[in-house]
Amino acid sequence: MVVGRLREAVADVAETLRRIFSDVPVRQHPAALPQPRAQGAPRLEAAAVQPAFRFVAQPASPAWRVTGTVREEPTTWVPRHCREDAWDRWSAGAAVLTLEVFQPASRKQLRVPALPRAAGVARLEPGGFRLSLRQFRQPFPRPGVFRETAILPRPRVLRDLDRALGLPVAVGAEDLQRIPKALWMRYTLALVRGTGENIRALEVLGLFRVPSRGVTALHHDPRTGRLLLELTREASGAPRVPLILARRKEDRAILTCFPEDAS
Amino acid sequence: MAEALRLAYFVTLKEGASYLGGLLLTDPSGIPLDFRYTEPITPTKLQALLYGKALEPHLKEEVIQKALLKELKGLPDLFLLPAAELAGGWGGDPACPALAVQKTQETPLARVGDVFRASPREVLIQVAEGAAPLRVIFAPSVELPGQDAAARKLVEAGYHMDLVEPMERVTAALQSLVRTE
């Protein structure tokens, strides 16, 4: 009995081990790729769209407004009696052509010369060409060679500073905004002292730098605000000094002031 | 103290078949320092035929300009000539920046002293508050650094003087010479 039970137990263990170590279950999957299915695309259809407009050609006649009227011109016929006598004059001066009567010609016998029996043969010897040699040894005259320089001459340079100084020189006004405030206050104070006017009574036209020497005349161009100076040779190289140009509001008189000198 | 700026204004004039030129040297205020002019040069008919179209540029750039510059004591800082000369292809080399200054009607630049480059050979400079800027055209021989330096000098001079006006003075002086001769 015990042996029987042991045999059953061994059989169970053997069955258990057989199941455990049995083959791995295999499942088969379809390896083939799915076959693509052909599917036709819908056919493209193109339809011409008719334009929504039509061309209608119509002959256009220009609206000429030409009104022509026939105007009657007064025509008068003045009858005049004329006499034609050209035919009469022609018949009176015409000459009648008289034809000559044919006359019998004088008879004369002509003798026909006999033909020669044989033609004469002449022989012509061709002569040789004769050359006559002439000598001409007169040489060509040697041409005269002339030379004229193509180089342009260096011009003489002249100096005339007076001519340049004789033309008015334009000097522009300085920008008052760029002048230091303290300096401008000093200049306006000098202007008041120099002119003896209240600053409110003056209109400053500008601050100009002019040569300290050699200025013979100055004109203010109100259109451009520039000062036109007439100078002499002394002005060339002379130091520049500030000049204030002002206008008195009361009588619009022009006043000038050299603020550096006044202060 | 730095040397004062010297501007040379060069103008040539053709009167009949003769050419003459003038050079006005000014200080930064436009005051004349020197004025020299050449006697009129009248090319012969043969010279006119031989030089052809090169006659006028050669006379201006080689003969007249060099003769005038040679007489000056020292080189000027800037060599100014009419814009028409530069437009015609100026080939002279005065050994200092050659340029032309023109008035414009352009919108003023923001500040006095501003320089706006319009092209490789052309700048606009603002020399006066609120006024239209000046156009400066440089000769082909002036490189960019030279142009910048020249523009700064022009701004400095333009603060005290009208940069265009002396050119009119040289022309007037030459015309007066022609009339008197």
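Considering only heavy-atom pairs separated by less than 4.5 Å from chain B, the leading option among V210(A), I151(A), L229(A), D162(A) is I151(A). For the set L50(B), L23(B), D34(B), the count of heavy-atom pairs under 4.5 angstrom toward chain A peaks at D34(B). Among G172(A), A238(A), A164(A), A173(A), the residue with the largest count of heavy-atom pairs under 4.5 Å with chain B is A164(A). Of the listed residues (V170(B), D27(B), L25(B), I31(B)), the greatest number of heavy-atom pairs within a distance under 4.5 Å of chain A belongs to I31(B).
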What do the steps show when you test R226(A) against D162(B) for side-chain contact (heavy atoms from CB on, under 4.5 Å), and what is the final call? CA-CA 9 Å; R226(A) 298 185 305 183; D162(B) 183 343; 2.4 Å; yes
Check the pair L152(A) / Q47(B) against side-chain contact (heavy atoms from CB on, under 4.5 Å), numbers first and verdict last. CA-CA 8 Å; L152(A) 293 162; Q47(B) 285 169 335; 3.5 Å; yes
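Residue L231(A) touches chain B through its side chain alone, counting heavy-atom pairs closer than 4.5 Å. In this structure, chain A has no heavy atom under 4.5 Å from any part of T26(B). Of the atoms belonging to R233(A), not a single heavy atom falls under 4.5 Å from chain B. Only the side chain of R240(A) comes within contact range of chain B, with heavy atoms under 4.5 Å apart. For Y19(B), no part lies near chain A; criterion is any non-hydrogen pair under 4.5 Å.
When all heavy atoms of G30(B) and V169(A) are compared, the pair lying nearest together is O-CG1, 3.6 Å. Heavy-atom minimum distance, D160(A) versus Y37(B): CB-CE2, 3.7 Å. Counting all heavy atoms, side chain and backbone alike, V63(B) lies closest to P153(A) at CG1-O, 3.7 Å. Closest approach of R163(A) to S176(B), counting heavy atoms only: NH1-OG, 2.8 Å. Nearest heavy atom pair, residue R154(A) against residue K66(B), reads NH1-C, 3.9 Å. Across all their heavy atoms, L33(B) and R159(A) have their closest contact at O-NH2, 3.9 Å.
One finds the CD atom of E165(B) at 7.5 Å from the CG atom of L228(A) (value rounded to the nearest 0.5 Å).
Put simply, the side chain of T38(B) does not reach to within 4.5 Å of the side chain of R156(A), judged on heavy atoms.
No option in L68(B), I41(B), L59(B) other than I41(B) meets the side-chain contact (heavy atoms from CB on, under 4.5 Å) test with P155(A).
Relative to the six-membered ring of Y159(B), R178(A) meets both conditions, a distance below 6.0 Å and an angle of at most 45° to the axis.
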